[in-house]
Amino acid sequence: MLLLLLGIIILHVAVLVLLFVSTIVSSWLVGNGYSADLWQNCSGPATGTWQCLTSSSNEWLQSVQAMMILSIIFSVLSLFLFFCQLFTLTKGGRFFLTGFFQVLAAACVMAGASIFTVRHTEWQTAEVASYGFAYILAWVAFPLAAISGIIYIILRKRE
């Protein structure tokens with residue numbers, strides 16, 4: 001049981017790291033001398049210095065920002081609730097609340113990445129841009145968070 005709990009905690013922390021990195025790092029779209037994320041657009045290796053501008057205020061981009069931030073908040077709340085329930089839940093009880101918030105975090109990251117996938121063509125300024133590693137990390141965090149949430153829902157507390 002101890003190894004199972006340790007594995008679940010490691011999975012949850014890995015999801016949190018993926019969510020933080022994908023939200024913060026400037027690499028959702030990359031191109032030749034161009035890099036963009038949810039917060040700023042940067043260009044410049046041709047000039048020798050990077051020049052960064054605040055990203056546009058499109059409603060869809062703001063919704064992606066909100067979804068990614070909500071996914072982090074729900075995942076942190078889920079981890080906190082897991083530790084609280086670990087010590088207060090009765091024997092045989094399930095971690096429904098923890099699992100609910102983790103599945104909610106997975107839904108938020110899926111919604112944010114999906115919106116970005118559909119609408120990024122309205123926003124990109126580079127002719128040739130591809131998805132960066134932070135965008136891929138967001139998609140990797142989605143199934144891991146969903147699996148983690150399902151494990152929490154199935155898990156029962158033992159002595």
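This chain uses plain numbering: 1 for the first residue, then up along the sequence. Since this is a predicted model, take the numbers as computed values, not measurements.
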Which value, rounded to the nearest 0.5 Å, describes the distance between Leu81 atom CG and Leu86 atom CG?
12.0 Å
Closest non-hydrogen atoms of Phe95 and Gln85, given as atom of the first, atom of the second and distance, are CD2-OE1, 3.4 Å
Using the rule given for side chain to side chain contact (heavy atoms under 4.5 Å, CB included), can you reason through Ser130 versus Leu29, listing the C-alpha separation, both sets of side-chain angles and the distance that settles it, and then say yes or no?
CA-CA 6 Å; Ser130 60; Leu29 285 177; over 6 Å; no
List the steps, then state whether side chain to side chain contact (heavy atoms under 4.5 Å, CB included) holds for Tyr152 with Leu97.
CA-CA 9 Å; Tyr152 281 132; Leu97 195 59; over 6 Å; no
Worked verdict on Leu4 versus Leu155 for side chain to side chain contact (heavy atoms under 4.5 Å, CB included):
CA-CA 10 Å; Leu4 178 65; Leu155 187 66; 3.6 Å; yes
Output the distance between atom CG (Leu61) and atom CG (Leu38), rounded to the nearest 0.5 Å.
6.0 Å
Test item: Thr98 and Phe80 side chains (from C-beta on) under 4.5 Å apart, heavy atoms:
no
Distance check, rounded to the nearest 0.5 Å: Cys108 atom SG versus Ile72 atom CD1?
11.0 Å
For Ala146 and Ala106 the tightest heavy-atom approach is N-CB, 3.5 Å
Considering non-hydrogen atoms only, spot the tightest contact between Ser75 and Val15 and give its length.
OG-CG1, 4.2 Å
Nearest atoms (heavy-atom pairs only) where Met68 meets Ala138:
CE-CB, 4.1 Å
Looking at every heavy atom in both Gly112 and Val64, which two are closest together, and how far apart are they?
O-CG2, 3.5 Å
About how many Å separate CD1 of Ile8 and CG of Leu3, when rounded to the nearest 0.5 Å?
11.0 Å
Check the hydrophobic clustering (I, L, V, M, F, W, Y; side-chain heavy atoms under 4.5 Å; chains of links allowed) and say if Phe100 and Ile150 are grouped together.
no
Looking at Arg94 and Ile154, would you say the former's side chain and the latter's main chain have a donor-acceptor pair under 3.5 Å?
yes
Same apolar cluster: Leu19 and Ile24, side chain cutoff 4.5 Å:
yes
Test of understanding: clusters of I, L, V, M, F, W, Y form through side-chain heavy atoms closer than 4.5 Å, transitively. Do Val21 and Leu144 belong to the same one?
yes
Do the rings of Tyr135 and Phe116 sit parallel, tilted or perpendicular, given the 30° and 60° boundaries?
tilted
Sidechain-backbone polar pair: His12 side chain, Ser78 backbone, donor-acceptor under 3.5 Å:
no
If only side-chain N and O atoms count, and only distance matters, is there a donor-acceptor pair under 3.5 Å linking Thr117 with Tyr131?
no
If Ile, Leu, Val, Met, Phe, Trp and Tyr residues are connected whenever their side-chain heavy atoms lie under 4.5 Å apart, and connections chain through other members, are Leu70 and Phe142 in the same group?
no
Is the ring pair Phe101/Phe74 parallel, tilted or perpendicular, if the boundaries are 30 and 60 degrees?
tilted
Is there a side-chain contact between Ile153 and Phe96 in this structure, where contact means two heavy atoms from C-beta onward sitting under 4.5 Å apart?
yes
Same cluster for Met110 and Met67 if Ile/Leu/Val/Met/Phe/Trp/Tyr side chains link at under 4.5 Å?
no
Take Leu5 and Phe82, measure what side chain to side chain contact (heavy atoms under 4.5 Å, CB included) needs, and give me the verdict at the end.
CA-CA 10 Å; Leu5 289 176; Phe82 174 67; 3.6 Å; yes
Quick one: does any side-chain atom of Ser22 pair with a main-chain N or O of Leu18 as donor and acceptor, under 3.5 Å?
yes
List the atom of Val76, the atom of Leu16, and the distance in Å for their closest heavy-atom pair.
CG2-CD2, 3.6 Å
Kindly indicate whether the side chain of Phe20, heavy atoms from C-beta on, has any atom under 4.5 Å from the side chain of Val25.
no
